[in-house]
Amino acid sequence: MSLKEKLDPNRIPRHIAIIMDGNGRWAKQRGKLRVFGHENGVKAVRATIEAASKLGVQYLTLYAFSTENWQRPKYEVDALMHLLIRSLHRELANLHENNIRLHAIGDLDSLPKEAAKGMQDAIRKTAQNTGLNLVLALSYSARWELAQAIKNIAAAISKGELEPGNIDEHTVAAHLTTRQIPDPDLLIRTSGEMRISNFLLWQIAYTELFFTPTLWPDFNEETLCEAIYEYQHRERRFGMTSEQIGSENHTEL
Ligand code: FPP
């Protein structure tokens, strides 16, 4: 029985977020340039979207480019932007046919014009789709997002639209770029690194974390199922006790 067949179709995580890491090391192991790793990373992106969509995942968020990634050598940043533009051109029709709706979080204004326009067009074109919501984090960092939220909350206060005493968790969540998106149930990071790297810091308060040594270009349906299988055998208590949440969800691995 394959891992996929062992999954409980009624407990597929609604939202999976992925820190795609290890493209550079994957290329280096093959004596190639880092860009070769990113090119093969795009193949893993395609395979993961297809697998998540078939499994019935509702939201898939991919950390494609962080605010800190701008500090990489110019040729690598240019190559990543080029890959994004090319992938959007090549994949848009396919995404659309598969009823996938594209979203973006991050500072899209900081992207090269062609990349920002490509994203905006793709978001518009797929806006009515009702299948998988694919969220690309581009020029994104959680600290940037939180600073933006604070700025916008302060502006609402100074316009008299908001009372400081009324600010609560919902106010903050409503000012994040993810306001229309539920918090991730499962966060996967590839390549064996055990860090969050400034990704969705607010949203992952109760997210289950899964770290795999697999380098991103080798990530596929099998690795995704492995992560979901482990997720399905965790007990999510959200700060409560096992007894309070009922122990029927808890199965030993
Ligand atoms: C991390 O590997 C990966 C990235 C910084 C970029 C991820 C981008 C892609 C998979 C391709 C473009 C994406 C889309 C959505 C078209 P790394 O370079 O940090 O690897 P290393 O840690 O081994 O050096």
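These numbers were taken from a predicted model, which means no experiment stands behind them. All ligand and atom numbering here is 1-based and tracks the order in the structure.
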Chemist: Between the side chains of Q148 and H175, is a donor N or O closer than 3.5 angstrom to an acceptor N or O?
Modeler: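 Absent: no donor and acceptor within the cut-off.
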Chemist: Does N69 reach ligand 1 with a nitrogen or oxygen that is under 3.5 Å from one of the ligand's nitrogen or oxygen atoms?
Modeler: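 No, no N or O pair falls under 3.5 Å.
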Chemist: Quick check on atom 5 (C) of ligand 1 - does any protein heavy atom sit closer than 4.0 Å to it?
Modeler: yes
Chemist: Looking only at protein heavy atoms, which one is nearest to atom 11 (C) of ligand 1, and how far off is it?
Modeler: V42 CG2, 3.7 Å
Chemist: What about R72: any of its N or O atoms under 3.5 Å from an N or O on ligand 1?
Modeler: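 Right, the criterion is met.
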Chemist: Enumerate the side-chain hydrogen bond (donor to acceptor under 3.5 Å, both in side chains) contacts for residues 152-170, please, sequence neighbours excluded, ordered by first and then second residue.
Modeler: D168-T171
Chemist: Report yes if W26 has an N/O atom closer than 3.5 Å to an N/O atom of ligand 1; otherwise report no.
Modeler: no
Chemist: Could you find the nearest protein heavy atom to atom 7 (C) of ligand 1 and give me its residue, atom name and distance?
Modeler: A64 O, 3.5 Å
Chemist: Which residue owns the protein heavy atom closest to atom 16 (C) of ligand 1, what's the atom, and how far is it?
Modeler: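 Looking at atom 16 (C) of ligand 1, the protein heavy atom closest to it is S87 OG, 3.6 Å.
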Chemist: How far is atom 3 (C) of ligand 1 from the closest protein heavy atom, and which atom is that?
Modeler: M20 O, 3.2 Å
Chemist: Do ligand 1 and L136 have nitrogen or oxygen atoms that lie under 3.5 Å from each other?
Modeler: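 Not met; the criterion fails.
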Chemist: Test your reading of the structure: does N23 have an N or O sitting under 3.5 Å from an N or O of ligand 1?
Modeler: yes
Chemist: Taking all heavy atoms of T214 and all of F219, pick out the closest pair and write down the distance.
Modeler: CG2-N, 3.8 Å
Chemist: What I want to know is whether Y63 and ligand 1 share at least one N or O pair that is separated by under 3.5 angstrom.
Modeler: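 No.
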Chemist: When you compare the side chain of L80 with that of F65, does any pair of heavy atoms fall below 4.5 Å?
Modeler: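 In contact.
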